[in-house]
Amino acid sequence: MAIQRPKGTQDLLPGTVEQWQYLEETMRCVCREYGYDEIRTPMFEATELFQRGVGQTTDIVKKEMYTFLDKGDRSMTLRPELTASVCRAYVENKLYGQPQPIKLFYIGPMFRYERPQSGRFRQFHQFGVEVLGADQAVVDAEVISLVWDLYKRLGLTKLEVHVNSVGCPVCRPKHRVQLQEFLTTRRDGLCKDCLDRFDRNPLRILDCKNPACQAATIGAPTTRDTLCEDCSTHFEKVLAFLEAAGVVCRVNPRLVRGLDYYTKTAFEVMVEEIGAQSAICGGGRYDGLVEEIGGPPTPGFGFAMGMERILAALQVQHKLPEEKPRVFAMLVALGEKAQIEGFSLMSALRTQSIPVSMDLLNRSLKAQLKAADRQGARYALILGEQELEEKVLLIRDLTLGEQNQVPLRKAVEEINKMYQRGVNA
Ligand code: ATP
Ligand code: MG
């Protein structure tokens, strides 16, 4: 039996890869304009990094990691996300010694053992940004507006940006107590996961997707009710900056991130029309994370965006660019001698960076012209026995159906002129 790709993974074939490249280029372009630099870290890390950096109580660490022992009996894990890796790299490479803040972005595959479904894969791709070494509210707003600008640039619509503040280690314990008190009489309605969260991490019950848990938390005290003055001022400033940047967002008190090192601002972006997996971006402030993984106390802010889901949204909204024809001209050589002469011509054209290709299967004139058409070539460069004898090249305009002859020795110059005219048109 033929071997198949692992469940939850995808082959990205030509035609689709160009869409990925377009998306990646747009992301890189916006990041460059905002002054963010790309970072690339390993595909796998010591398992402990994610246990500490993502958190033992999260779904990712509890259920979703690809963990294995290497031949040296070290526990390794394929990266399920990149914030922890970026923080590790920041500490390990002493980036805290450079002028702060450090503004980074990444694009790449992540791995989670999940139940594959539409918009949910085992190998998927994230684009993300991390700013390390600045705790100002303007950082939060800058990063969220980068996301906003990217979506604008892509032409994505029907999306909602939700923001909230989850407080900090000073004010969150107060909320935790209030929330537990509120939920005590409603415990029966909670799902198994949330019963488990009740003591360990009650905050997360607020964002459980189970309808019964959502019903049980209606009217529950939110983190916003208990924010300390520092957190409250910070949040007001973030909202003011976002307004100044023209970012339309909604304060959503149910939006939480459950771990101690997540502080203050949290945000998420949802898009309509792509089905149940509508979250395309999630992020927030994590002032305790770098210290958690053994670095100096360092504030951080970042997000991760699911690229498959963005592409799905661009697809349904018809916002993906049309495929451009790849070749400018197709060489149609007939017979072995003409092929050799043509091969030399093609190599000269390629030296001038003119996109040309030729038939590699030695087919008939008709078949070659058909192939030229299929590839979207503007011209066919025809070289048969007669042309070879007369030392000319027949150039056929495939759109207009016209053709003319040029001396073979002048062919490169002529075609280059035509190409430049096309490029500048
Ligand atoms: P979800 O609630 O959909 O499981 P999450 O909270 O696990 O999302 P994050 O860890 O915050 O997601 O990752 C950020 C983004 O990465 C998500 O908003 C989503 O767009 C994308 N993402 C997460 N898991 C997957 C997956 N298995 N397949 C495809 N995209 C994913
Ligand atoms: Mg998940």
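Both ligands and their constituent atoms are indexed starting at 1 by order of listing.
- Between Tyr286 and Tyr261, the ring centre distance reaches or exceeds 6.0 Å.
- A heavy-atom cutoff of 4.0 Å around ligand 1 is satisfied by the protein residues Arg112, Glu114, Gly119, Arg120, Phe121, Phe124, Gln126, Lys209, Arg257, Ala279, Ile280, Cys281, Ala304, Gly306, Arg309.
- Checked against side chain to side chain donor-acceptor pair (under 3.5 Å), Ser347 has no partners two or more places apart in sequence or in another chain.
- You'll find the ring centres of Phe44 and Phe111 outside the 6.0 Å limit.
- Contact check on Arg153 versus Glu33 returns a salt bridge, with a Lys/Arg side-chain nitrogen under 4.0 Å from an Asp/Glu carboxylate oxygen.
- Remark: Tyr36 pairs with Glu142 by the side chain to side chain donor-acceptor pair (under 3.5 Å) rule, at least two apart or across chains.
- Under the rule for a salt bridge (Lys or Arg N to Asp or Glu O under 4.0 Å), Arg172 has no partner lying at least two apart in sequence or in another chain.
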